[in-house]
S.K.: 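Take a look at this one; I'll ask things after.
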Amino acid sequence: MAKEIERAGIPVAHICSIITISQTVGANRIVPAVAIPHPLGNPRLPPGEEKEVRRNLVKKALAALQTTIQEQTVFS
Amino acid sequence: MGAVSRNGKYRIVHYLNQFFGGVGGEEKADCRPFTIKGPQGPGRLLEKLFREGNADVEIVATVVCGDSYFAENQESVLREWIPVIREHRPDLVVAGPAFNAGRYGMACGAICSTLEPLGIPAVTAMFKENPGVDQYRKTALIVESANTVSGMEDAVRKMVRLGIKRLHGEEIESPQAEGCFEQGIRRNYLHADPAWRRAIDMLLRKIGGEPFETEYPIPFFDRVEPRPALPGLKGITIALVTSGGIVPTGNPDHIESSSASKFGKYSLEGLESADATTHQSAHGGYDTTYVNADPNRVLPIDVFRELEREMGFKPHPWYYATVGNGTSVDNAQKFAKEIAVELIRDGVQAVILTST
């Protein structure tokens, strides 16, 4: 989906748990997430810290969208 | 090939995920690796079919690992468990079949690809759309299976056929003959017909509209050039899209928990966050306990709102969701194309896509 939306002309930042799958399917801006059952969170953290983790991931995705790249890039 | 075990049998180590290893379903996908003595689950069929093929084998151990645990800890699992597999002195390692289970396929491919350079033959099986095929077909022998477990016997039969050849050190035939995916290996051989005759024959078939098969398929790399970077965020419309199955509570569009045939479009207007009463996950491919408790863990509505105020971008008032679980590549492409048409029409300039 990342690739097809990008093909249509819209840049996509893909926040995902399994980077290798994202690379295989052809996403260009890839942001590694926390874990499969909770990519943008971590139930083991107190709520405040958990939200901070999520905030940082979304900020990373927003930064990725503002970064010029020539090829598939993992923003870790 | 390798040394036959003391009682004269070929030694096989079998790799399974938590489901086929008998631990449990998605809720156990974080299960750490462990070893079972002897065959387990599909291992029994594997042993039986090997023996029917007159190969005296014994599954000496079954290594089991949760799909999520493997995916999230691939490096350490391989580092710790490849030596464990080697200690069993296998003549052959069989992984799966993984069918269309993405994480499982990636695990099977990684294990086989790591063992081959160590001189341990390995065989696995997957459905053609499993991401493990693209990732590992060059470094692992992967036979083609159906997309669901209903193709178990056929997949195991193919693995056994190839496995026996590998045990006996026999030559592996063409991918078509073996029923496996191309590894990109070219072998020279003497053809009865000279090239000019084959070329003319092929051309005549092509002109006549008859089926023909190229002798040298052009590799197809479907990549999309990265779009230029956004010049900034102020005033830019950004949409959230997810394959993690976050839908309004009750799943109004009945998006399927696996092999989704549709996507949904849902309003974000007036939403500051999502919680257990407003949204849920329709996804059947991961344990949804944590996400149902707090859907922001897949669809980050809460921080999207905060960052909107701080950075000045405009969240698109709709988000799009589907379930990326055994969903066919064709369907995923179709969904994305339809979504993209709407996004462009609505002036969306960037997308954050979240996946589990």
Side-chain angles (χ1 to χ4, degrees), chain A residues 1-45 47 50-73, chain B residues 29-30 67-68 71-72 74 102-103 106 131 134-135 222-233 238 241 243-244 286-291 293-294 296-300 302-304 306-307 311 313 322 324 332-333 335-337 339-341 343-344 348-356:
Chain A
M1 289 180 78
K3 180 170 66 185
E4 293 307 324
I5 294 174
E6 188 127 339
R7 198 194 303 277
I10 304 174
V12 177
H14 191 202
I15 305 181
C16 60
S17 309
I18 313 178
I19 303 152
T20 44
I21 291 186
S22 179
Q23 287 169 326
T24 305
V25 300
N28 282 324
R29 292 175 169 88
I30 303 169
V31 177
V34 178
I36 292 160
H38 44 80
L40 287 118
N42 187 347
R44 274 171 297 203
L45 296 176
E50 181 182 17
K51 198 169 177 189
E52 198 53 35
V53 168
R54 177 157 57 248
R55 224 180 117 84
N56 284 333
L57 282 170
V58 176
K59 276 170 86 174
K60 217 176 263 180
L62 293 168
L65 288 168
Q66 296 174 78
T67 307
T68 300
I69 55 168
Q70 306 304 328
E71 54 183 14
Q72 284 189 309
T73 306
Chain B
D30 59 352
D67 282 336
S68 289
E72 287 165 5
Q74 176 166 327
R103 287 164 298 166
M106 294 295 271
D134 264 0
Q135 186 76 12
D222 183 31
R223 285 286 177 260
V224 170
E225 286 267 304
R227 292 290 143 194
L230 299 174
L233 293 176
I238 304 178
V241 179
S243 66
Y286 64 90
D287 180 359
T288 53
T289 315
Y290 307 113
V291 171
D294 182 0
N296 292 298
R297 287 171 174 151
V298 168
L299 191 74
D302 57 351
V303 300
F304 207 50
E306 284 183 13
L307 294 168
M311 298 176 153
F313 62 83
T322 189
Q333 282 175 341
F335 300 162
K337 278 182 191 153
I339 292 170
V341 167
L343 294 177
I344 290 169
V348 170
Q349 290 146 293
V351 163
I352 293 180
L353 172 67
T354 65
S355 296
T356 47

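Everything numeric in this text was worked out from a predicted model, so none of it was measured. By convention in this document, chain letters (A, B, ...) are assigned in the order of the sequence lines, proteins followed by strands, and residues within each chain are numbered from 1.
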S.K.: Would you find a donor on one side and an acceptor on the other, under 3.5 Å apart, between the side chain of A/Arg29 and the backbone of A/Thr67?
M.R.: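 Judged by distance alone, yes, a pair lies under 3.5 Å.
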S.K.: Is there a side chain to side chain contact (heavy atoms under 4.5 Å, CB included) between B/Ile339 and A/Met1 once you walk through the steps?
M.R.: CA-CA 9 Å; B/Ile339 292 170; A/Met1 289 180 78; 3.8 Å; yes
S.K.: So which of B/Leu353, B/Ile238, B/Val298 has the largest heavy-atom pair count under 4.5 angstrom toward chain A?
M.R.: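 Looking at each option in turn, the highest pair count goes to B/Leu353.
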S.K.: Identify which part of B/Thr322 has an atom lying under 4.5 Å from any heavy atom of chain A, answering side chain, backbone, both or neither.
M.R.: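 Side chain only.
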S.K.: At what distance, to the nearest 0.5 angstrom, does CD1 of A/Ile15 lie from CD1 of A/Ile30?
M.R.: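 Between atom CD1 of A/Ile15 and atom CD1 of A/Ile30 there are 12.0 Å.
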S.K.: Given a strict heavy-atom distance threshold of 4.5 Å, which part of B/Val341 is in contact with chain A: side chain, backbone, both, or neither?
M.R.: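 Looking at B/Val341, nothing touches chain A.
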S.K.: Among A/Ile21, A/Val31, A/Val53, A/Ile18, single out the residue with the greatest number of heavy-atom pairs under 4.5 Å to chain B.
M.R.: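 Winner by heavy-atom pair count: A/Ile21.
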S.K.: Does atom OH of B/Tyr290 have more than 12 heavy-atom neighbours from other groups under 6.0 Å away?
M.R.: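 Incorrect, the count does not exceed 12.
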S.K.: Check whether more than 12 heavy atoms from other residues, nucleotides or ligands sit under 6.0 Å from atom CD of B/Glu225, and answer yes or no.
M.R.: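 Incorrect, the count does not exceed 12.
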S.K.: Between B/Asp222 and A/Arg7, does at least one N-O distance fall below 4.0 Å, as a salt bridge requires?
M.R.: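 A/Arg7 and B/Asp222: salt-bridged.
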S.K.: Measure A/Val25 against the heavy atoms of chain B and call it side chain, backbone, both or neither at under 4.5 Å.
M.R.: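 Looking at A/Val25, just its backbone touches chain B.
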S.K.: Which one wins on heavy-atom pair count under 4.5 Å against chain B: A/Gln72, A/Gln23, A/Gln70, A/Lys3?
M.R.: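 Most heavy-atom pairs under 4.5 Å with chain B: A/Lys3.
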S.K.: Can you check whether B/Val303's main-chain N or O pairs, donor with acceptor, with A/Arg55's side chain at less than 3.5 Å?
M.R.: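 Flag not set: sc A/Arg55 to bb B/Val303 has no pair under 3.5 Å.
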S.K.: Of the backbone (N, CA, C, O) and the side chain (C-beta and beyond), which part of A/Ala2 lies under 4.5 Å from a heavy atom of chain B, both, or neither?
M.R.: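 A/Ala2 touches chain B through backbone and side-chain heavy atoms alike.
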S.K.: Could you tell me which of A/Ala8, A/Ala13, A/Ser17 has the largest number of non-hydrogen atom pairs under 4.5 Å with chain B?
M.R.: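 The option with the most such pairs is A/Ala13.
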S.K.: Using heavy-atom distances under 4.5 Å, tell me whether B/Ile344 contacts chain A through its side chain, its backbone, both, or neither.
M.R.: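 For B/Ile344, heavy atoms of backbone and side chain both lie under 4.5 Å from chain A.
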S.K.: By a 4.5 Å heavy-atom criterion (distance strictly below it), what part of B/Glu72 contacts chain A: side chain, backbone, both, or neither?
M.R.: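 Side chain of B/Glu72 only, per the 4.5 Å heavy-atom cut-off to chain A.
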S.K.: Just so I understand: if I count every heavy-atom pair under 4.5 Å between each of B/Lys337, B/Gln333, B/Gln349 and chain A, which residue has the most?
M.R.: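 Winner by heavy-atom pair count: B/Gln333.
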S.K.: When heavy-atom pairs shorter than 4.5 Å are enumerated against chain A, which of B/Gly324, B/Pro300, B/Ala332, B/Gly244 gives the highest number?
M.R.: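 Heavy-atom pair counts peak at B/Pro300.
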S.K.: Output yes when a side-chain donor or acceptor of A/Thr73 lies under 3.5 Å from a complementary backbone atom of A/Glu71, and no otherwise.
M.R.: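 Side chain of A/Thr73 to backbone of A/Glu71: a pair is present.
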S.K.: Of all of A/Ala35, A/Pro32, A/Ala33, which one pairs up most often with chain B through heavy atoms under 4.5 Å apart?
M.R.: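 Highest number of pairs under 4.5 Å: A/Ala35.
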S.K.: Would you say the side-chain atoms of A/Glu6 pair up with the backbone N or O of A/Ala27, donor to acceptor, closer than 3.5 Å?
M.R.: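 Looks like no, no N/O pair under 3.5 Å.
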S.K.: Spell out, as yes or no, whether a donor-acceptor pair under 3.5 Å connects the side chain of B/Tyr286 to the backbone of B/Ala29.
M.R.: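 The answer is no, because no donor-acceptor pair under 3.5 Å joins these two groups.
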S.K.: Sort B/Asn296 into side chain, backbone, both or neither according to what part of it lies under 4.5 angstrom from a heavy atom of chain A.
M.R.: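 Both backbone and side chain of B/Asn296 come within 4.5 Å of chain A.
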S.K.: Indicate yes or no for a side-chain donor-acceptor contact from A/Gln66 to the backbone of A/Leu62 under 3.5 Å, with no hydrogens or angles considered.
M.R.: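 A pair under 3.5 Å: yes.
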S.K.: Does any backbone or side-chain atom of B/Pro228 lie under 4.5 Å from a heavy atom of chain A? Answer side chain, backbone, both or neither.
M.R.: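 Contact with chain A is through the backbone of B/Pro228 alone.
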S.K.: Counting heavy-atom pairs under 4.5 Å with chain B, which one of A/Gly26, A/Ala61, A/Pro43, A/Ser22 comes out on top?
M.R.: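 That would be A/Pro43.
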S.K.: Identify which part of A/Thr20 has an atom lying under 4.5 Å from any heavy atom of chain B, answering side chain, backbone, both or neither.
M.R.: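 Looking at A/Thr20, backbone and side chain both touch chain B.
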S.K.: Decide yes or no for B/Ile352 and B/Phe304: does some side-chain heavy atom of the first lie under 4.5 Å from some side-chain heavy atom of the second?
M.R.: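 They are in side-chain contact.
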S.K.: For A/Glu50, is it the side chain, the backbone, both or neither that has a heavy atom under 4.5 Å from a heavy atom of chain B?
M.R.: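 A/Glu50 touches chain B through side-chain heavy atoms alone.
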S.K.: Where on B/Gln74 is there a heavy atom nearer than 4.5 Å to chain A: the side chain, the backbone, both, or neither?
M.R.: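 For B/Gln74, no heavy atom lies under 4.5 Å from chain A.
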